[in-house]
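Scroll down for the structure; my scribbles are underneath it.
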Amino acid sequence: MYDRCRECVANNAAKIAKAAGVDEEGCHRLHDRALTLIAHFPSDNDISRAPYAMSEVWADLVDAVGPDPYAEVKSTFERLTTSLAPRIRSVVEASDDPAPLAIRFAVAGNLIDVGTPMGFTEDRVAELLDSVPSLAFARDDSPSLIERAATARTIVFLADNCGESALDRILIETLHRLNPSARMVYVVRNNVILNDLTMDEALAAGMDEVADLMTNGDADYGAGTLLDGSLSPEFRHLVETADLVVSKGQGNFETLYGRLHDRLYFLFMAKCQHIADVLGVPMGGLLCLENRV
């Protein structure tokens, strides 16, 4: 585990505690407790360790901070992107090349992430979404993603954060117009962690109107898709056999990159300097990456 990832996880413990109303002394104590808890992770260059460490820290914090300390943040940004979605949908549908644009909007929504050092506000998210038509990917494998989507029988989307689902929906609708016969499956977290999307929120967002919904079946608090954890057999079979898997978010990238198969694509924003450095992209860069196995 990289040393700066270790400190980032501990800082997240303090941020979570603060969001739950814990006083400054308590936040500092939980920061130090997190460092002790994750000390067993070796110091190495494995980018997947940070999400596993964050999962352990979240499980340890639940008694102190409650089951959903980011509930208000989640509902605020779900409302924001839902209110912006009709205009964004119109922009995508009017485009001469709607699929790449829908992908960029979906990636831009990944700014809404409490688990990274890059902050966000309602104004910042709205401004970013306004600028999407003029933005380019920092790394762009979207042409091959779209080519696969055009012939796929099953397309699986691994959801990330609350607030992104309205934009994911526009992407799913766009790919469905490209390939009306494809089965779309939208997978959410099985348990609450950070501001990640769960089944209740996906249903409230109407995602069942555009895709089959399922959870990843993780019995633990997975900050990412933890293949070495307790994911359900049904979910494992789905992602192993799908013609195309579209994975949202940095945590899913960290846990899945280099694993599974080359039919997997990562859509996310580089929201910490470490991941930006690893990928050779600027902080805040929009990414559509084909998996390399």
Side-chain angles (χ1 to χ4, degrees), residues 1 5 8-9 12-13 16 34 37-38 40-41 46-71 73-74 78 110 112-116 154-165 168 184-205 207-208 211-242 245-261 263-268 291:
M1 184 177 184
C5 295
C8 182
V9 170
N12 256 317
I16 294 162
L37 182 67
I38 64 176
H40 68 92
F41 286 94
D46 186 346
I47 63 171
S48 74
R49 297 200 191 278
Y52 282 87
M54 188 67 247
S55 300
E56 290 189 15
V57 168
W58 181 272
D60 183 67
L61 284 172
V62 166
D63 287 343
V65 304
D68 197 0
Y70 287 118
V73 173
K74 293 195 292 185
E78 280 289 324
N110 190 235
I112 307 169
D113 186 347
V114 300
T116 68
T154 300
I155 304 176
V156 176
F157 299 83
L158 306 183
D160 193 18
N161 302 307
C162 284
E164 296 187 53
S165 57
D168 294 344
M184 308 289 183
V185 185
Y186 195 67
V187 182
V188 299
R189 300 282 189 254
N190 195 46
N191 293 304
V192 173
I193 182 167
L194 299 171
N195 64 324
D196 289 11
L197 193 72
T198 64
M199 182 63 78
D200 287 346
E201 290 128 0
L203 287 168
M207 294 304 293
D208 57 323
D212 295 334
L213 299 186
M214 70 179 293
T215 75
N216 61 14
D218 194 343
D220 301 315
Y221 299 100
T225 302
L226 310 185
L227 292 179
D228 299 325
S230 55
L231 302 171
S232 71
E234 294 80 8
F235 170 74
R236 288 178 181 274
H237 177 74
L238 180 69
V239 295
E240 287 169 359
T241 61
V245 178
V246 179
S247 171
K248 291 290 301 289
Q250 189 168 296
N252 281 333
F253 167 74
E254 289 171 316
T255 53
L256 292 176
Y257 188 69
R259 307 187 68 175
L260 288 176
H261 46 66
R263 304 184 305 281
L264 169 62
Y265 289 77
F266 300 98
L267 306 186
F268 68 105
N291 195 28

Could you walk me through whether Val239 and Val187 satisfy the side chain to side chain contact (heavy atoms under 4.5 Å, CB included) test, starting with their C-alpha distance in whole Å, then the side-chain angles of each, then the deciding distance to 0.1 Å, before giving a yes or no? CA-CA 10 Å; Val239 295; Val187 182; 5.8 Å; no
Any donor-acceptor N/O pair, Arg263 side chain to Glu240 backbone, under 3.5 Å: yes
Quick one: does Thr225's side chain have a donor or acceptor within less than 3.5 Å of a partner on Asn252's backbone? no
To the closest 0.5 Å, what do you measure between CZ (Arg49) and SG (Cys5)? 11.0 Å
Measure the CG-OG1 distance between Leu238 and Thr154 for me, rounded to the nearest 0.5 Å. 7.5 Å
Is there a donor-acceptor contact under 3.5 Å from the side chain of Ser230 to the main chain of Ala219? yes
Minimum side-chain heavy-atom gap Glu164-Leu267 below 4.5 Å: no
State the CG-CD1 distance between Asn161 and Ile112, to the nearest 0.5 angstrom. 7.5 Å
Which atom names give the shortest non-hydrogen contact between Gln250 and Asp160, and what distance separates them? N-OD2, 4.2 Å
Report the residue from Asp208, Asp212, Asp168 that forms a side-chain hydrogen bond (donor to acceptor under 3.5 Å, both in side chains) with Tyr186. Asp168
Is the shortest heavy-atom distance from the side chain of Thr255 to the side chain of Leu227 under 4.5 Å? no
Within this structure, what is the CE-CG distance for the pair Met54 and Leu194, rounded to the nearest 0.5 Å? 5.0 Å
Less than 4.5 Å apart, any side-chain heavy atom of Phe157 and any of Ser165? no
For Val57 and Ala13, work out which heavy atoms get closest and say how close. CG1-CB, 3.8 Å
Can you check whether Asp68 reaches Lys74 side chain to side chain, under 4.5 Å on heavy atoms? yes
Shortest non-hydrogen contact between Gly163 and Glu78, atoms and distance: N-OE2, 2.6 Å
Please indicate whether His40 has more than 12 foreign heavy atoms, meaning atoms of other residues, nucleotides or ligands, lying under 6.0 Å from its NE2. yes
Ignoring hydrogens and angles, tell me if any N or O in the side chain of Asn291 forms a donor-acceptor pair with the backbone of Arg259 under 3.5 Å. yes
Within the structure provided, determine whether Thr215 and Phe235 are in side-chain contact (heavy-atom separation under 4.5 Å). no
Between Phe253 and Phe266, what is the ring plane arrangement, given parallel below 30°, perpendicular above 60°, and tilted in between? perpendicular
Would you say the side chain of Trp58 lies within less than 4.5 Å of the side chain of Val192, judging by non-hydrogen atoms? yes
Please assess Tyr70 against Ile16 for the test side chain to side chain contact (heavy atoms under 4.5 Å, CB included), listing each intermediate value before the final yes or no. CA-CA 8 Å; Tyr70 287 118; Ile16 294 162; 3.6 Å; yes
Apply side chain to side chain contact (heavy atoms under 4.5 Å, CB included) to the pair Glu201 and Val188, showing each step before the final yes or no. CA-CA 9 Å; Glu201 290 128 0; Val188 299; over 6 Å; no
Could you tell me which non-hydrogen atom of Ala159 sits nearest to which non-hydrogen atom of Leu197, and how far apart they are? CB-CD2, 4.0 Å
Closer than 4.0 angstrom, basic N to acidic O: yes or no for Asp113 and Lys248? no
Check whether any side-chain heavy atom of Leu260 lies under 4.5 Å from a side-chain heavy atom of Val245, and answer yes or no. no
Exam field: side chain Thr198 to backbone Arg189, donor-acceptor pair closer than 3.5 Å: no
If I compare all heavy atoms of Leu264 with all of Ser247, which pair ends up nearest, and what's the gap? CD1-CB, 3.8 Å
What's the spacing between Ser55 OG and Leu226 CG if we round to 0.5 Å? 4.5 Å
Indicate the atoms forming the closest heavy-atom contact of Asn191 with Tyr221, along with that distance. CB-CD2, 4.0 Å
